[in-house]
Amino acid sequence: MDGFDYSATIHPDDFDHVLSQMAEAIAQNRPVTLRGRYANVSGDWRILQTEARPRYACDGRFLGMIGVNVDITEQESVARQRELMLAELNHRVKNTLAVVQAIAHQTFKSDRNAPPVNTFLGRLGVLARAHDILSGVNWEATPMHELAREVLGELSANQDRIVTDGPPFLLKPKQALAIALALHELQTNAMKYGALSVDQGTVSLQWRLPSSHSLEILWQERGGPPVVAPLRRGFGTLMLEMGLSAELNGVAKLDFQPDGLQCRIEAAIEGMNV
């Protein structure tokens with residue numbers, strides 16, 4: 001445009017756009033606003049916003065463009081972070097609503113042996129508590145010990161009858177939500193029909209890490225009424241055997257042993273020791 005070699009200062013990906021927009025504005029004698037990445041004296045790329053307008057002589061002749069470049073690198077970075085946060089929030093909200101929809105559908109469709117509203121609210125409550133834990137760690141990772149304590153410690157009367165044991169371990173958000181719902185269903189079932197429905201019953205929750213990419217969880221009930229396999233599969237069973245398996249990329253097996261229900265979960269995970 002003016003004989004200066006801009007290729008040394010304008011980022012290659014922005015070069016054609018910047019020069020074509022400016023050339024078009026000059027050809028039409030009109031103002032222009034454009035953005036591009038430019039190299040500073042240190043060789044770092046900075047985002048500049050150019051505001052240029054035509055300059056005229058007293059007789060009306062077009063003399064060229066006059067304007068200013070404003071460094072907006074930081075503002076663009078903040079705006080980009082905000083966009084990413086909103087996109088992530090939108091994704092999480094959609095996923096959460098999908099979980100709520102599934103819970104509502106299965107609860108009011110098939111759970112005829114318990115008050116549907118109370119059951120539904122209980123499931124939403126554990127989902128909310130899991131969200132609280134994840135929010136406290138910025139949705140990055142949740143300690144397995146903390147998740148188990150929060151979910152299973154809801155009813156203080158059962159705290160001394162549920163023993164948990166396993167190595168320190170961090171769960172990804174998706175894993176934490178799935179396991180929280182699973183533990184809630186197991187505890188609710190134990191309180192209604194299993195070991196926690198009688199004073200002498202106990203529950204053992206253990207987990208281990210056979211490898212850096214696998215997790216095993218074992219829920220074992222003892223001392224409760226004789227166990228009989230249900231005639232139909234309720235929401236809890238479906239979630240454990242199908243939904244949980246899909247969410248954790250693994251398998252969940254319910255074994256209705258006469259002396260106590262056992263649930264074994266084997267999952268491929270991306271968590272890590274702490």
Visitor: A side-chain contact here means heavy atoms from C-beta on lying under 4.5 Å apart; do Leu186 and Leu205 qualify?
Guide: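 A side-chain contact is absent here, since even the closest heavy-atom pair is not under 4.5 Å.
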Visitor: Residues in side chain to side chain contact (heavy atoms under 4.5 Å, CB included) with Asp16, at least two apart?
Guide: none
Visitor: Quick one, Gln257 and Val227 - any side-chain contact, counting heavy atoms below 4.5 Å?
Guide: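 The answer is no, as the side chains (C-beta and beyond) never meet within the 4.5 Å cut-off.
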Visitor: So how far is it from Gln206 CD to Ile217 CD1, rounded to the nearest 0.5 Å?
Guide: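 The distance works out to 11.5 Å.
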Visitor: When you measure from the side chain of Asp255 to the backbone N and O of Gln262, does any donor-acceptor pair fall under 3.5 Å?
Guide: no
Visitor: Mark yes when over 12 heavy atoms from residues, nucleotides or ligands other than Asp199 sit less than 6.0 Å from its CG; otherwise mark no.
Guide: no
Visitor: Atom CZ of Phe169 and atom OG1 of Thr142: how far apart are they, to the nearest 0.5 Å?
Guide: 10.5 Å
Visitor: Between Ile10 and Ile47, is there shared hydrophobic-cluster membership here, with clusters defined by ILVMFWY side-chain heavy atoms closer than 4.5 Å?
Guide: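 Shared cluster, no.
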Visitor: Supply the atom-to-atom distance Met144 CE to Glu146 CD, rounded to the nearest 0.5 angstrom.
Guide: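 Atom-to-atom, Met144:CE and Glu146:CD are 12.0 Å apart.
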Visitor: Judged by atom type as modelled, is there a donor-acceptor pair below 3.5 Å linking the side chain of Ser211 to the main-chain atoms of His213?
Guide: yes
Visitor: As an exercise, state the distance from CG of Asp165 to CH2 of Trp207, rounded to the nearest 0.5 Å.
Guide: 7.0 Å
Visitor: Report whether Val78 and Ile72 are members of the same hydrophobic cluster (ILVMFWY, side-chain heavy atoms less than 4.5 Å apart, transitive linking).
Guide: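 No, it is not one cluster - the side chains of Val78 and Ile72 are not joined through contacts under 4.5 Å.
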Visitor: Count I, L, V, M, F, W, Y as connected when their side-chain heavy atoms are under 4.5 Å apart, and connections chain through other members. Are Leu218 and Leu215 then in the same cluster?
Guide: no
Visitor: Suppose we screen for side chain to side chain contact (heavy atoms under 4.5 Å, CB included). Which residues come up paired with Asp71, at least two apart in sequence or across chains?
Guide: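 Here the qualifying residues are Arg46, Leu48, Thr73, Glu74.
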Visitor: Side-chain heavy atoms under 4.5 angstrom apart, residues restricted to Ile, Leu, Val, Met, Phe, Trp, Tyr: same cluster for Ile26 and Val18?
Guide: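 Linked, Ile26 and Val18 end up in one cluster.
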Visitor: Looking at Gly201, is its backbone amide N or carbonyl O close enough to the side chain of Arg161 to form a donor-acceptor pair, meaning the two atoms are under 3.5 Å apart?
Guide: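 Between the backbone of Gly201 and the side chain of Arg161 there is a qualifying donor-acceptor contact (under 3.5 Å).
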Visitor: Taking C-beta and beyond as the side chain, do Glu76 and Arg35 meet within less than 4.5 Å on heavy atoms?
Guide: yes
Visitor: Do Glu24 and Arg30 sit within salt-bridge range, that is, some charged N less than 4.0 Å from a carboxylate O?
Guide: yes
